[in-house]
Number of protein chains: 2
Amino acid sequence: MLDPVSRVRRFNRAVTSAVGALDTSFLGRGRPLGAARVLNAIGHGRSDVAEIRDYLGLDSGLMSRLLRSLEEEGLVETTAHQDDARRRVAKLTRTGRREFAAYEALSNAQAEGLLAQHTQAEALLAAMDLIASALTRDRVALDETDPQCDEARYCLGEYYAELGRRFKQGFDVSLSRDPDAKDMRRPRGTFIVAMSDTLPLGCVGLKGTDHGYAEIKRLWVAPSARGLRLGRRLMDAAEDAARGLGITLLRLDTNSALPEAGQLYRSTGWTEIPRFNDDPYPDLFYEKRL
Amino acid sequence: MLDPVSRVRRFNRAVTSAVGALDTSFLGRGRPLGAARVLNAIGHGRSDVAEIRDYLGLDSGLMSRLLRSLEEEGLVETTAHQDDARRRVAKLTRTGRREFAAYEALSNAQAEGLLAQHTQAEALLAAMDLIASALTRDRVALDETDPQCDEARYCLGEYYAELGRRFKQGFDVSLSRDPDAKDMRRPRGTFIVAMSDTLPLGCVGLKGTDHGYAEIKRLWVAPSARGLRLGRRLMDAAEDAARGLGITLLRLDTNSALPEAGQLYRSTGWTEIPRFNDDPYPDLFYEKRL
DNA sequence: CATAATGTCTGACTTTAGTCAGATATATCC
DNA sequence: GGATATATCTGACTAAAGTCAGACATTATG
């Protein structure tokens with residue numbers, strides 16, 4: 001009934017009025033939105049005044065006045081920065097924390113209200129994740145991390161769960177040649193996580209070996225982030241890291257039940273090669289010379 | 001990694017900044033947002049001043065001034081309402097239509113840009129539809145319409161397509177006992193469409209017969225509107241209409257490939273009965289006494 | 001037909017947001 | 001140690017949004 005652009009615009013209208021309603025409920029706490037935003041930024045852990053200013057896109061004069069008004073209300077205290085007395089650091093007072101909690105309660109209530117109305121909340125949440133990822137795609141950062149940090153383990157857990165769903169015979173990590181974490185740390189290899197703010201959206205491992213090549217392992221992109229070309233960005237980052245480590249040959253194994261992965265490899269210079277290991281799960285093997 | 005409320009709030013943040021970006025691009029046309037909103041409301045067919053004021057939530061004084069500024073720019077003309085000279089009616093001038101088209105182009109470009117970045121645009125659109133429906137659920141109106149109007153035909157087309165996907169043997173309307181449109185018009189029956197603004201989200205038909213009962217036919221809810229209890233609202237409306245027509249017994253047929261429908265019927269006072277027609281598709285039959 | 005209600009407009013006002021040019025204190029660099 | 005850069009603050013300003021009381025013309029009501 002509607003063309004794609006109209007559908008996006010219907011979404012925009014719906015969302016604009018929902019956002020407006022939340023703003024209105026914030027105004028109910030008797031403080032202009034500008035001041036409320038600063039208070040909430042501090043409450044969410046942003047303490048450096050310049051950082052808050054940057055995050056909210058405020059002029060330094062305006063920021064200063066908003067901070068002052070929060071101080072006069074007794075919600076915020078500012079002190080000089082430890083290492084640099086020009087910079088100021090803002091902190092919530094006890095009253096400020098209470099007021100921040102009240103704003104949090106409003107936001108949470110709005111979210112809960114929306115979810116409670118819906119009998120298929122998980123579908124609604126999945127749609128929200130997808131859109132949030134699409135709208136913030138430019139802010140997805142690729143971070144090198146330890147393969148055993150929380151974010152990496154979360155990604156791997158999701159990855160294994162997805163293999164379990166997609167392989168006819170399921171997936172059991174212990175039967176697979178699970179790479180040793182130490183092979184995915186510099187200087188032998190590395191592990192890269194795609195982060196959208198604090199949420200991991202994908203990962204890839206570069207595993208060093210003693211056989212004259214390194215392997216790409218554990219390439220995964222969250223369902224909500226598919227379509228953003230994050231897989232390619234992760235692969236590019238892994239290849240760059242490999243080049244930086246002086247690696248000239250990469251290999252990987254994959255499974256034909258993951259056609260989108262094979263598609264990505266073939267379109268980025270990988271060539272199929274014969275089986276080079278005895279892992280029971282993969283049935284496709286690729287190689288790329290850097 | 002995130003709890004449901006955090007996921008909604010991540011969505012809110014993403015969407016707030018996207019909405020802000022569109023507002024900023026609107027400001028690029030050298031007009032305050034208030035005036036731009038009024039201009040766009042008129043462009044989208046809202047002509048009655050009171051209606052615009054209500055839609056945008058503006059004070060009458062502010063509204064009057066915004067209209068005046070648009071008139072001074074030569075974008076809008078106001079005249080007295082035909083039937084009531086107290087009311088004013090706003091219309092775009094030729095220049096106004098051009099300016100409105102420029103705003104439309106900005107909105108469309110934003111929408112197209114978002115879609116173009118995404119390799120799985122249909123999934124993104126489906127997610128947007130779902131969220132738009134969830135956020136506007138309170139504004140879904142149930143309208144009695146002719147079973148052959150555009151909205152009704154759209155719903156029926158989607159309904160047939162879905163049966164085709166869900167029945168193992170497919171679905172061919174011509175093999176089914178397709179109800180005659182005249183049986184779904186008052187006073188024999190009726191047809192109800194759930195409308196979200198101009199978009200149909202669901203339908204149900206009440207088909208009069210000469211056998212001492214009426215039938216519920218063509219209950220359908222758009223995939224993007226599932227979880228909003230729209231099916232139940234439609235059924236309630238159809239039952240109310242039946243009572244209004246003096247009907248005391250309702251029957252319907254359905255298929256076990258549509259378990260959510262059976263679930264709805266059983267939870268709202270319908271009882272299973274033996275087959276009462278020779279339609280090849282249904283395998284479950286229900287009855288409800290009003 | 002007088003009175004009340006309605007829709008819009010005007011004037012006078014406040015609040016919020018935002019801008020910009022210095023002032024001030026501190027840090028960095030040669 | 002002096003010049004320069006940086007972070008914040010202050011004062012003076014503008015624009016936009018919003019509020020409120022009353023004016024005015026028109027329509028509805030008893």
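Each chain gets a letter, A, B and so on, in the order its sequence line appears, and its residues count up from 1. Bear in mind the structure is a predicted one, so any value in this text is a computation, not a measurement.
- The side-chain heavy atoms of A/R186 and A/L245, taken from C-beta on, include a pair separated by under 4.5 Å.
- Taken residue by residue, residues 33-43 of chain A places heavy atoms nearer than 4.0 Å to DNA chain C at A/L33, A/G34.
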Pairs under 3.5 Å (N/O, protein and nucleotides 18-24 of chain C):
residue : atom : partner : partner atom : Å
C/dT19  : O4   : A/R65   : NH2          : 3.4

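- With sequence neighbours excluded, the residues that form a side chain to side chain contact (heavy atoms under 4.5 Å, CB included) with A/Q117 are B/R137, B/D138.
- At C/dC9, one or more side-chain N or O atoms of B/R68 fall inside 4.0 Å of OP1 or OP2 (strictly under the cut-off).
- Sorted pairs that involve residues 13-22 of chain A and meet salt bridge (Lys or Arg N to Asp or Glu O under 4.0 Å), not counting sequence neighbours, are lacking altogether.
- Taking atom CG on A/D54 and atom P on D/dA7, their separation rounds to 11 Å, with Å as the unit.
- Between the P atom of D/dT6 and the CZ atom of A/R53 lies a distance of 13 Å, rounded to the nearest Å.
- The side chain to side chain donor-acceptor pair (under 3.5 Å) check on A/R97 picks up nothing, with sequence neighbours excluded.
- B/N108 meets the side chain to side chain donor-acceptor pair (under 3.5 Å) test with A/R9; sequence neighbours excluded.
- When the C1' atom of D/dA16 is taken as reference, atom CZ of B/R29 falls 20 Å away, rounded to whole Å.
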Enumerate donor-acceptor pairs with a distance under 3.5 Å from any side-chain N or O in residues 58-66 of chain A to protein atoms, sequence neighbours excluded.
residue : atom : partner : partner atom : Å
A/D59   : OD2  : A/G61   : N            : 2.7
A/D59   : OD2  : A/L62   : N            : 3.3
A/S64   : OG   : A/R68   : NH1          : 3.0

Can you give me every donor-acceptor pair (side chain of residues 20-31 of chain A, partner residue at least two apart or in another chain, under 3.5 Å) with its distance?
residue : atom : partner : partner atom : Å
A/T24   : OG1  : A/G20   : O            : 2.8
A/S25   : OG   : A/L22   : O            : 3.0
A/R29   : NE   : A/E99   : OE2          : 2.6
A/R29   : NH2  : A/E99   : OE1          : 3.3
A/R29   : NH2  : A/E99   : OE2          : 3.3
A/R31   : NE   : A/E73   : OE1          : 3.3
A/R31   : NE   : A/E73   : OE2          : 2.7
A/R31   : NH1  : A/E99   : OE2          : 3.0
A/R31   : NH1  : A/Y103  : OH           : 2.9
A/R31   : NH2  : A/E73   : OE1          : 3.0
A/R31   : NH2  : A/E99   : OE2          : 3.4

In residues 33-55 of chain B, what donor-acceptor pairs under 3.5 Å come from side-chain atoms, sequence neighbours left out?
residue : atom : partner : partner atom : Å
B/N40   : ND2  : B/A36   : O            : 2.7
B/H44   : NE2  : B/E104  : OE2          : 3.0
B/D48   : OD2  : B/R87   : NH2          : 3.3

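- Look at NE2 on A/H81: it is 16 Å from C1' on C/dA25, rounded to the nearest Å.
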Below 3.5 Å between N/O atoms, which protein atoms pair up with nucleotides 1-5 of chain C? Just atom names and distances, please.
none

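- Look at CZ on A/R31: it is 11 Å from P on C/dT16, rounded to the nearest Å.
- Taking atom CZ of A/R87 as the reference point, atom P of D/dA7 lies 7 Å away to the nearest angstrom.
- Judged as a side chain to side chain donor-acceptor pair (under 3.5 Å), the pairs with a partner in residues 145-155 of chain A (not counting sequence neighbours) are, in order, A/D146-A/R185, A/Q148-A/R185.
- Note: CG (A/L27) to C1' (C/dA17) measures 13 Å, nearest angstrom.
- Pairs passing the salt bridge (Lys or Arg N to Asp or Glu O under 4.0 Å) check and including a residue from residues 108-126 of chain B, sequence neighbours excluded, read A/R7-B/E122.
- Taking atom CG on B/D83 and atom P on C/dG7, their separation rounds to 14 Å, with Å as the unit.
- Mapping A/L66 and B/E51 onto DNA chain C via the closest heavy atom, the residue that lands nearer the 5' end is B/E51.
- B/T93 places a side-chain N or O within 3.5 Å of a backbone atom of B/L75 that can act as its donor or acceptor partner.
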